[in-house]
Novice: 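Encoded as C-alpha cells, here's the structure I'll be asking about.
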Amino acid sequence: MKAIFLTKTGAAKNAFEQRETPIPEPKAGEVLVKVQGFGLNFADVMARKGQYQDAPPLPSILGYDVCGFIESVGADVKHLSKGNRVAGMTRFGGYAEYAVLDARACVKINDSMNSAEATALATQYCTAYYSAAEVVNLHKGDKVLIHAAAGGVGTALVQYCKHKGCEIFGTAGSEAKLKLLKENGVHHPINYTTEQFDEQILKLTDGKGVDVIFDSIGASYFKKGIKVLAAGGRIVGFGAADMSDAGNIFVTLKRGLGFGIYHPAEFLMSSKALIGVNMLRIADNKPEVLQRCFENVIRMYNEKVFQPVTGKIFKVSEIADAHEYLEMRKSIGKIAVEW
Ligand SMILES: NC(=O)c1ccc[n+]([C@@H]2O[C@H](COP(=O)([O-])OP(=O)(O)OC[C@H]3O[C@@H](n4cnc5c(N)ncnc54)[C@H](OP(=O)(O)O)[C@@H]3O)[C@@H](O)[C@H]2O)c1
C-alpha cells in the first residue's frame, strides 16, 4: 500500500515522502480500514516540527483519524463487518491507504458524511465531549471561555456549550474567524491577537471572571486564564499551540515558564481546579471511556447538536500544503486529506 511517511522534522515541504509499505494486519479486537480520507490535527503539525513527545520515531506514519470502509476484522469484533463505512481513531498510521484501528474507537457512519466531518467527529468532537461532558459538568448560564474557538476542537466546544445554554466567550486570531464565532452563537468573540483577552473578560463580567476555561494555547494564555477564573472555576488544559512557533530554545523556555508555577494550596484556597486532558492517555488507560464518548458524539450528531465544519479537503499530493494551511492558522473547522 501507499503511505505518507514523515521522514524529516521541519518545514512541511521537505518533511514527507510517499512510500510503499506492507498492509497492516488486524489483531483480535481490531479492524482494517481501507482509507478514503484522513484528518489533520494540530498535534500532527507539532509532530512534524519535532515538538510532540508521543510521536513515533522517524520515519513514521502520522495520523490520528480516518474514514473509509472496513476491509477485514480481527477475532472478537462483532459490531463491524466488511464493507461498513466507518470513522475512527488511529494511534498514528492514519496517513496511509489502509489503517488498523481498535474496534472500540470505530463507529459506522452514513454515506453522506465527507472525510472532514467524519474525522472531526472522531478526534475533535470526542476531545471536546470528553473535556466538556465527562470532566466538567456544564450548567445553563455558566460563563465559559473557549480559546481558538474557530478551530476544530474549538468549534465542537462552542456547539456543546451552546446546547447547554452557557454564556460563551470565544477567542480567535482574525476578524474573519470572529465573524464566524458570532454566527456560531459565541456571545463574546474576542480577538486575542489584538486585544488582551483577560482584560476583556474582566470588563465583560464586572470583574467576576468565568466559570470554565478550555485552553488549547497554553503558556502565558494559561496563566492569564487562571487569573480570570472565578471561585469554583475549572480550567481544562488540552493543548499548547503557543509553544509550536517558539522557534529557538530560549523562546521555548520563556513560553514554557509562562504557564506559571502553582502550589496546590492556591487551588484549594480559591476553590479552583486545573484539569489536564490527553486523549491518548484515555485511549490507553480507559478505552471504554473513549468508546462511550464516541457513541455520545454520534448520538449528538444525529440530534443535530454537533455539526462538524469542513475547513478544507486536500488531495494526498497536497499534504505539505495541508500542513502549512493548519500551521499558518488559516483553517476554520477540520482539515482532511483524501486518496
Ligand atoms: N489533549 C488532547 O488529547 C487533544 C486532542 C485534540 C486536539 N488537541 C489540541 O487542541 C488544539 C486544537 O486542535 P485542532 O486539531 O482542532 O486544531 P485547530 O484548533 O483547528 O488549529 C489550531 C488553532 O490554534 C490557534 N493558534 C493559537 N496559537 C497558535 C500558534 N502559535 N500557532 C498555530 N495556531 C495557533 C489558531 O487559531 P486562531 O487563528 O484563532 O488563533 C489555529 O487555527 C491543539 O492545541 C491540539 O494540540 C488536544
Side-chain angles (χ1 to χ4, degrees), residues 12 38-49 51-55 62-65 89 91 94 105 116 119-132 134-135 146-159 170-181 184 186 189-195 197 214-222 236-247 251-252 255 258 275-286 289-290 293 297 308-312 322-336:
F38 54 84
L40 284 205
N41 292 286
F42 198 71
D44 300 6
V45 172
M46 297 192 78
R48 194 245 301 151
K49 293 171 94 175
Q51 296 168 335
Y52 192 57
Q53 61 178 25
D54 280 322
L62 302 179
Y64 277 117
D65 42 42
M89 286 158 250
R91 195 187 180 100
T119 54
L121 290 176
T123 303
Q124 275 68 22
Y125 281 77
C126 282
T127 304
Y129 183 88
Y130 177 74
S131 303
E134 294 259 348
V135 303
I146 302 166
H147 282 312
V153 183
T155 305
L157 285 168
V158 168
Q159 291 173 2
T171 61
S174 72
E175 289 310 309
K177 289 184 180 181
L178 289 198
K179 185 167 169 282
L180 183 95
L181 293 194
N184 287 353
V186 172
I190 301 168
N191 187 334
Y192 56 3
T193 60
T194 56
E195 295 171 276
F197 81 87
F214 294 107
D215 179 24
S216 61
I217 310 296
S220 62
Y221 293 79
F222 183 86
V236 183
F238 64 97
D242 198 42
M243 302 298 291
S244 69
D245 59 358
V251 183
T252 303
R255 292 203 190 165
I275 303 159
V277 166
N278 181 341
M279 297 308 283
L280 288 184
R281 294 290 95 77
I282 304 302
D284 288 343
N285 192 40
K286 291 231 167 207
V289 171
L290 200 60
C293 289
V297 162
V309 172
T310 302
K312 200 163 170 180
H323 257 248
E324 266 177 17
Y325 193 75
L326 186 57
E327 181 181 357
M328 302 312 288
R329 303 165 79 151
K330 293 182 185 159
S331 62
I332 287 175
K334 177 84 178 183
I335 305 299

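For ligands, and for the atoms within them, numbers begin at 1 and follow the listed sequence. Given the structure is predicted, the values throughout are model-derived calculations rather than measurements.
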Novice: For residues 40-47, dump all side-chain donor-acceptor pairs below 3.5 Å to protein atoms at least two apart in sequence or in another chain.
Specialist:
| residue | atom | partner | partner atom | Å |
| --- | --- | --- | --- | --- |
| N41 | OD1 | Q124 | NE2 | 2.7 |
| N41 | OD1 | K334 | NZ | 3.0 |
| N41 | ND2 | D65 | OD2 | 3.1 |
| D44 | OD2 | N41 | N | 3.4 |
| D44 | OD2 | Y95 | OH | 2.6 |

Novice: Identify, by atom number and element, the atoms of ligand 1 in contact range of N41, meaning under 4.0 Å from any of its heavy atoms.
Specialist: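 Here the atoms of ligand 1 in question are 15 (O).
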
Novice: If the condition is salt bridge (charged side-chain N to carboxylate O under 4.0 Å, His left out), which residues does K179 pass it with, not counting sequence neighbours?
Specialist: E183

Novice: Should S174 be counted as touching ligand 1, given the test is an N or O pair under 3.5 Å?
Specialist: no

Novice: I'd like to check which ligand 1 atoms, numbered from 1 as shown, lie under 4.0 Å from a non-hydrogen atom of K177.
Specialist: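 Answer, ordered by atom number: 37 (O), 38 (P), 39 (O), 40 (O), 43 (O).
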
Novice: Under 3.5 Å between some N or O of ligand 1 and some N or O of G152?
Specialist: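 Yes - when backbone and side-chain N and O of G152 are compared with those of ligand 1, one distance drops under 3.5 Å.
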
Novice: Considering F238, F42, Y130 one by one, which has a heavy atom nearer to atom 9 (C) of ligand 1 than any of the others?
Specialist: F238

Novice: Is any side-chain heavy atom of F222 closer than 4.5 Å to a side-chain heavy atom of I217?
Specialist: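 Not in contact.
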
Novice: May I ask whether Y64 places a heavy atom under 4.0 Å from ligand 1?
Specialist: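 Checking ligand 1 against Y64, which is what was asked, there is no heavy-atom contact under 4.0 Å.
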
Novice: Take every heavy atom of S244, measure it against each atom of ligand 1, and state whether any distance is under 4.0 Å.
Specialist: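 The answer is yes, since S244 has a heavy atom less than 4.0 Å from ligand 1.
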
Novice: Where the closest heavy atom to atom 19 (O) of ligand 1 is concerned, which of G276, G151, A176 has it?
Specialist: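 Comparing heavy atoms across G276, G151, A176, the nearest one to atom 19 (O) of ligand 1 lies in G151.
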
Novice: For A241 and ligand 1, does the shortest N/O to N/O distance drop below 3.5 Å?
Specialist: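 In this structure, A241 places an N or O atom under 3.5 Å from an N or O of ligand 1.
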
Novice: Heavy-atom distances under 4.0 Å are what count here, so tell me which part of L326 touches ligand 1: side chain, backbone, both or neither.
Specialist: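 It is the side chain that gets close, since no backbone atom is under 4.0 Å.
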
Novice: D245 pairs by side chain to side chain donor-acceptor pair (under 3.5 Å) with which of Q51, R255, R329, K49?
Specialist: R255

Novice: Taking only heavy atoms of D245 into account, list the atoms of ligand 1 that are under 4.0 Å away from them.
Specialist: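 Counting from 1, the qualifying ligand atoms are 31 (N).
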
Novice: Using a plain distance cutoff, I'd like to know if D242 has any nitrogen or oxygen under 3.5 Å from a nitrogen or oxygen of ligand 1.
Specialist: no

Novice: Is the contact between V153 and ligand 1 made by the side chain, the backbone, both, or neither, using heavy atoms and a 4.0 Å cut-off?
Specialist: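 Near ligand 1, V153 shows its backbone as well as its side chain.
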
Novice: Take every heavy atom of E327, measure it against each atom of ligand 1, and state whether any distance is under 4.0 Å.
Specialist: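 E327 counts as a contact of ligand 1 under the 4.0 Å cut-off.
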
Novice: With a 4.5 Å limit on heavy-atom distance, are the side chains of Y64 and M279 in contact?
Specialist: no

Novice: Between Q124, M279, M46, flag the one that comes closest to atom 3 (O) of ligand 1 by a heavy atom.
Specialist: M279

Novice: Show which atoms of ligand 1 fall inside a sub-4.0 Å distance from at least one heavy-atom site of N278.
Specialist: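 Per the distance check, 1 (N), 3 (O).
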
Novice: Please work out, at 4.0 Å between heavy atoms, whether the side chain, the backbone, both, or neither of L280 comes within that distance of ligand 1.
Specialist: neither

Novice: Taking atom 24 (O) of ligand 1 as the point of reference, which of A240, A128, A148 owns the nearest heavy atom?
Specialist: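 Closest candidate by heavy-atom distance is A148.
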
Novice: Which option, D44, T127, D65, owns the non-hydrogen atom nearest atom 5 (C) of ligand 1?
Specialist: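 Among D44, T127, D65, the closest heavy atom to atom 5 (C) of ligand 1 comes from T127.
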
Novice: May I ask you to list the atoms of ligand 1 that are less than 4.0 angstrom from any heavy atom of A172?
Specialist: 40 (O)

Novice: What I want to know is whether I217 and ligand 1 share at least one N or O pair that is separated by under 3.5 angstrom.
Specialist: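 Such a contact does not occur with ligand 1.
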
Novice: Side chains of N184 and Q159, heavy atoms from C-beta outward: is any pair under 4.5 Å?
Specialist: no

